[in-house]
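Structure first, commentary second.
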Amino acid sequence: MAGQTLYDKLWSQHLVKERDDGTALIYIDRQLLHEVTSPQAFEGLRLAGRKPWRLDANLATPDHNVPTTLLERAEGNTGIKDPVSLIQVQTLDDNCEAFGIEEFRINDARQGIVHVVGPEQGATLPGMTVVCGDSHTATHGAFAALAHGIGTSEVEHVLATQCLLAQKMKNMQVRVEGTLGAGVTAKDIVLAIIGRIGTAGGTGYAIEFAGSAIRELSMEGRMTVCNMAIEAGARVGLIGVDDTTIDYLWDRPYAPRGEQWDAAVADWRELVSDGDAEFDKVVTLDAAEIEPQVSWGTSPEMVANISGEVPDPDAVDDETVKHSYTRALSYMGLAPKQKITDIRLDKIFIGSCTNSRIEDLREAAKVAKGKKVADSIKLAMVVPGSGLVKRQAEAEGLDKIFLDAGFEWREPGCSMCLAMNADKLGAGEHCASTSNRNFEGRQGYGGRTHLVSPAMAAAAAIAGHFVDVRRLDAETAGAAQPQEA
Amino acid sequence: MQKFDRHQGLVAPLDRANVDTDLIIPKQFLKSIKRTGFGVNLFDELRYLDEGYPGQDVSQRPVNPDFVLNQPRYRDASVLLARRNFGCGSSREHAPWALADYGFRVVIAPSFADIFYNNSFKNGILLITLDEATVDRLFKAVEANEGYRLDVDLEQQRITTPEGEILEFGIDAFRKHCLLNGLDDIGLTLQDDAAIREFEQKHRQARPWLFRDTLHVEPQGEAS
Ligand code: SF4
């Protein structure tokens, strides 16, 4: 018999019961809660007179709706101007208090985007099943945790039963082999993968990312890759355990210690796919060929190399693709065959659960250091993923670098990733964004999102248009001369 | 979910076909954080003369005196009599939430929209499909007789009218079972609670670090 994949192992370790209709009950070790998708779930519990099955499995923090300016945050919840947002955040506080669930509130240093907070606290551990009412829960798969994004009724189901009704997925392996070029990051890897397999390529699969280029990534880079599994259509993204995983978890507040640590590590070491495991589908990419990526359209699969150009719909045979390209170009206000480096930007957003961790901020700061945001940029903002990331960045002086360069330095939250708070794009504005979705209107009505890595976003801020981060110095030196229209 | 076995209640006639979910609960109320509290905005556009918005004090709003639910004789109705294709439109679960919150437990119509049908059963509302002629007859009887009440017996799948007439209705066995026992998805899963507990115990023994109460060191206060 063939060996097991990592996904198979995690599945069978949590299988409570299989039903005749093919659905299964799987046990959930950790549920992360935030203010947008939990209120009706708590309400449902109350109406049915139910209690959470296991309080210590849950951890909550507000993130989607919280304001990110210091002025507003200084007032805590009362600083939230939008009444609906305020009610949602307040309701999360009230529910956590009433049911006894641990919550990092708005001005707790540990508050932040759920997918940054969980791993940072060691609340996401290898071998766990993790759920959250948010589709980017796949992030936690970087720790060899089986992590699912779920809907509100499922949030309630997990609260009440500690189980999720699920169906087993198929196994896909995406191998990225070789060495990444300088200036090419985890974000570029995952955008290139999505560009290759498409936004439906992973539908019905759990994707395991493997290969030497993935092994070389830090945990933060791995989280960036798994985070966007959902953009490739897969609800689950996974990476096997190795020393990098274990080193990251050492001494985290919620991680085991002492003898338990040793036992846990021994267990975690098993969380890799067996050498003879069979995958239903395998895709391989050559890391050396990956360039910095920029999305040009309204779906994450619409990406190009920084050296490339916007496609010409007329050159496409497939009618559906032609149609969607045409529509995307018109929404984005781009011309066929326009060079990516000719796309001018209005706003820059460095943040979101994809790219708001300390290494992301370091990469961006390295690019911005000693430079100035171009005059044509209306707003360039850096939003750390959590209060602790912010604190660390400040200890390293990154905030100074950003502020000196003309970036705004904000308080932690989802911010302009989905524009539920006051941070939004205006109609027609182009934004270089380190987030994960470039759908129409995602960052504000009529807004035009380009997905990039933190370094590429910072470089675009300095140049005012997209530029190969590896050639920024040469380009900006040239831009001093009035040679570019 | 609230159990449903037998229900006797006052009938209100909503004489209108294709009542969609937007009419049942307009979209501006979907921003709410609750699944209760929608009752005051049930049929908002029909019920009030002004435009509704969330968080309004409804007691100050001008009421449409012609709308059936605003007529004193139908106050406290818990059985809604409706026309064809009731509940069409979006998939919002807010529609059954609003009906249930208002106090309706039964809706009788010649046909229902699919998603609405599913959503209603999940929320403890019994939807009964009767043929057009029978529904028509009921409309006439309700309008002619103030205080017209029906006795709905799910176990027997029968409605008894005040005249003593018995109307039989169909329902699939699984839905009937869930309603009779008050079982929603959660209720069904909880029927396996022994299996879950058994699993949990073994899981805890094998991997105690996944349970914070058996975790070696409890995290305290703020992390550094
Ligand atoms: S940062 Fe964006 S994608 Fe991530 S959890 Fe927040 S809203 Fe969702």
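Letters A, B, ... are given to chains in the order of the sequence lines, protein chains preceding strands, and every chain is numbered from 1.
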_Using ring centroids (six-membered ring only for Trp), state whether A/Trp250 and A/Trp261 fall under 6.0 Å._
yes
*Side chain, backbone, both or neither: which part of B/Asp193 has an atom under 4.5 Å from a heavy atom of chain A?*
both
_Which portion of A/Ala57 sits near chain B, non-hydrogen atoms under 4.5 angstrom_ = neither
*Any side-chain heavy atom of A/Arg19 sitting closer than 4.5 Å to one from A/Leu25?*
yes
*What part of A/Gln13 gets closer than 4.5 Å to chain B, counting heavy atoms only: side chain, backbone, both or neither?*
both
_With a 4.5 angstrom heavy-atom cut-off, is it the side chain or the backbone of A/Arg54 that approaches chain B, or both, or neither?_
side chain
_Report which part of A/Arg252 has an atom under 4.5 Å of a heavy atom belonging to chain B: side chain, backbone, both, or neither._
neither
_Angle between ring planes, B/Phe4 versus B/His7, binned at 30° and 60°: parallel, tilted or perpendicular?_
tilted
*asked:* Are A/Phe104 and A/Leu388 packed together at the side-chain level, in the sense that at least one heavy-atom pair is separated by less than 4.5 angstrom?
replied: no
_Under 4.5 Å from any heavy atom of chain B - which part of A/Ala123_ = neither
_Can a donor-acceptor pair be found, under 3.5 Å and without considering hydrogens, that links the side chain of B/Arg204 to the backbone of B/Leu210?_
no
*Measure distances from A/Leu55 to the heavy atoms of chain B and classify the residue's part below 4.5 Å as side chain, backbone, both or neither.*
neither
*Can you find a heavy atom in the side chain of A/Ile80 that is under 4.5 Å from one in the side chain of A/Ile106?*
yes
*For A/Glu156, is it the side chain, the backbone, both, or neither that has a heavy atom closer than 4.5 Å to a heavy atom of chain B?*
both
*Between A/Arg50, A/Met128, A/Arg30, A/Glu35, which has the largest tally of heavy atom pairs under 4.5 Å with chain B?*
A/Arg50
*Would you mind checking which part of B/Asp192 comes under 4.5 Å of any heavy atom in chain A, side chain (CB onward), backbone (N, CA, C, O), both or neither?*
side chain
*Just checking, B/Arg207 and A/Trp268: is the charged tip under 6.0 Å from the six-membered ring centre and within 45° of the axis?*
no
